[in-house]
Chemist: 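Dropping the structure in here first, questions after.
Owing to the predicted nature of the structure, the values given are computational and were not obtained by experimental measurement. Naming: A, B, ... by sequence-line order, numbering from 1 per chain.
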Amino acid sequence: MKPARLLSDDLVEMEFPSQAFAEAVASRMREEGGWLEVVTGIDTLTVQFDCLQTEPDQVLERLSSLSREAPEQGQRQEAFELPVCYSPDIAPDLESVCQHLNIDVDALIRLHTATEHEVRLLGFAPGFVYIDGLDSSLNVPRHEIPRQSVPAGSVAIAGSQTGIYSLASPGGWQVIGRTPVALFDPAVSPPNLLQPGRPIRFRPISVDEYEALMRP
Amino acid sequence: MSLHVLKPGLQTTIQGEPRRGFRQLGIPAAGPADPLSLALANRLLGNPFLANGLEVTLSGARFGVDVRTVVAVTGADVDVAVNREARGMHEAIEVRAGDELAIGGAKSGARSYVAVCGGIAGDTMLGSASTYIPAGLGGHGGRALLKGDELACAASASAADASTPQRYRPGREIGAALRACSVDSDGSGPLFEQQWQVSSRADRMGIQLDGKPIAGMDTGRLPSVPVFPGCVQCPPDGAPFLLSVDAQTTGGYARLAQVIRADRHVIGQLRPGDSLRFLPRTPAEAVAELRTKIDYWAEWLPGCEAVFY
């Protein structure tokens, strides 16, 4: 493992051999407190600290000591089942993605719902969820020009991942479906329903079912 | 109600304490893009330095006053008027119900700050009332103010001081120098070798810089890493992007530098056309610069450490 490094007066970054390792160390640091922000990236962890109160060596030492401990194997969580409506009516890229991959919509739905996926990371924008485990035959590029606004609940794919836009935001991923489940609610704490490491399955639903679930 | 919006301008939001500790959920800190200026306005009224105030962007704004109170305006160089009568920036201004407070367009700088005695009430979400428009958090319904919006402030009394001493009024230089830690540990790199111009793509999320494009940035997509306000990222086209208070929480572009904590408040006043240089500093030098800056401000803003974030 490479040692942690100081990026600036108040930021320290460290690379980890796995996401689970980075998340485990991040959880420990958030529990012990005293840091301004503890944020994970893909296999990385960055700590923002108050450089008037804390010497960088204290952060570097804390990270290196936590990273010498093997990550605790958390209990295997139950998969979260997320209903997704795969319909061209509400998924603007569904048909073009199928054309690009030379498959029909039913085949795409089977490939996307057959296996268990796993939440990798939250980030980019509030409520955006990066999810690993996309079938390798569903690899499509991002849009060259991002859309100005992708509706809340959009389920999209790009590269080797699925992404969910929990809130409306600009975005360049290919939208193949939409979920009626609200994954982000700023009125509750934590506001995100899904956390990194959570297994997830997509369950296909009809447009009628989608609309029924959307009603309060 | 104590203030109502007559003309919101380009973008006026309620900003106060940053929203700390939620970046891992994709939620940036928000808060004033120039927290030093908000602190200077609140200082005149005896408010906590980061009490909620109004951040007015570039084009100016107008407010109706519904209560007797005291206000102060700081930040970008603007004309201030009450009932069309010119008043000064950096002064405690007594206003009464029926008055009209007008903030002119910014002549230099990008954002002016209006503080009101007792602070302005905002929707507190995740521990802060600072507005973050993309997720609709905080402020007034999570959005920029609109004509007719009514804002609640504590009715009050008198100002703490009449005006900001001259030596604590920020200068009006149009070229900024930001001190930054290079991602390359030797402090070199093309970012530091030329003067940049602030492009028209400039908002609370970040600022695209115009200049001679940086070569060799077409490195493909890198794994997303956490990014913070003050980070200078560079997309494949070679035009660097300086992140500000509403910056996204992760990024997949190459990182060139990180502006030091002491200088991040300056980013909030950069406007399209401004010139900009980066000066390399080591992390240890950066902490020393921060202490020097806090010492400088300590007499007028005692305990201002948290203003520099």
Chemist: Does a donor on one side chain and an acceptor on the other come within less than 3.5 Å for B/Arg20 and A/Gln48?
Modeler: yes

Chemist: Look at A/Leu6, A/Leu121, A/Asn192, A/Val188 and state which one has the largest set of heavy-atom pairs under 4.5 Å with chain B.
Modeler: A/Asn192

Chemist: Answer yes or no: does atom CG of B/Asp295 have more than 12 heavy-atom neighbours from other residues, nucleotides or ligands under 6.0 Å?
Modeler: yes

Chemist: How about CD on B/Gln194, more than 12 heavy atoms from neighbouring residues, nucleotides or ligands closer than 6.0 Å, or not?
Modeler: yes

Chemist: So what's closer than 4.5 Å to chain B heavy atoms on A/Ala168: side chain, backbone, both or neither?
Modeler: backbone

Chemist: What part of A/Asp43 gets closer than 4.5 Å to chain B, counting heavy atoms only: side chain, backbone, both or neither?
Modeler: neither

Chemist: Measure distances from B/Tyr309 to the heavy atoms of chain A and classify the residue's part below 4.5 Å as side chain, backbone, both or neither.
Modeler: neither

Chemist: Among A/Leu45, A/Leu11, A/Val129, who wins on heavy-atom pairs under 4.5 Å with chain B?
Modeler: A/Leu11

Chemist: Testing the basics here: between B/Phe228 and A/Glu37, what is the closest heavy-atom pair and its distance to 0.1 Å?
Modeler: CE2-CB, 4.1 Å

Chemist: What heavy-atom pair brings B/Arg261 and A/Leu52 nearest, and what distance separates the two atoms?
Modeler: NH2-CD1, 3.5 Å

Chemist: Donor-acceptor check, side chain of B/Gln258 to backbone of A/Ser8, threshold 3.5 angstrom: yes or no?
Modeler: no

Chemist: Any idea which heavy atoms bring B/Leu25 and A/Gln195 closest together, and the distance?
Modeler: CD2-OE1, 4.0 Å

Chemist: If you define the side chain from C-beta out and look only at heavy atoms, does anything of A/Phe184 sit under 4.5 Å from B/Ile27?
Modeler: yes

Chemist: Side chains of B/Leu126 and A/Pro191: closer than 4.5 Å at any heavy-atom pair?
Modeler: yes

Chemist: For the interface with chain A, which of B/Met125, B/Glu305, B/Arg291 has the highest count of heavy-atom pairs at distances below 4.5 Å?
Modeler: B/Arg291

Chemist: Kindly indicate, with the supporting measurements, whether the criterion side chain to side chain contact (heavy atoms under 4.5 Å, CB included) is fulfilled by A/Leu7 and B/Cys181.
Modeler: CA-CA 7 Å; A/Leu7 295 179; B/Cys181 296; over 6 Å; no

Chemist: Below 4.5 Å, heavy atoms only, C-beta onward: do A/Thr46 and B/Gln24 meet side chain to side chain?
Modeler: no

Chemist: A/Asp9 and B/Pro283: which non-hydrogen atoms are nearest, and at how many Å?
Modeler: CB-O, 3.8 Å

Chemist: Tell me the closest heavy-atom pair linking B/Arg23 and A/Val39, and the distance in Å.
Modeler: CB-CG2, 3.6 Å

Chemist: Given that the side chain runs from C-beta out, which part of B/Leu137 has a heavy atom under 4.5 Å from chain A: side chain, backbone, both or neither?
Modeler: side chain

Chemist: Looking only at heavy atoms and a cut-off of under 4.5 Å, which of B/Pro226, B/Ala286, B/Gly136 has the most pairs with chain A?
Modeler: B/Pro226

Chemist: Hey, could you give me the OG/CD distance between B/Ser224 and A/Gln161, rounded to the nearest 0.5 Å?
Modeler: 8.0 Å

Chemist: Taking the side chain as every heavy atom from C-beta outward, state whether B/Arg255 and A/Glu13 have any atom pair closer than 4.5 Å.
Modeler: yes

Chemist: For a 4.5 angstrom cut-off between non-hydrogen side-chain atoms, does B/Phe22 reach A/Pro126?
Modeler: no

Chemist: Quick check on B/Arg179 against chain A: is it the side chain, the backbone, both or neither that has a heavy atom closer than 4.5 Å?
Modeler: neither

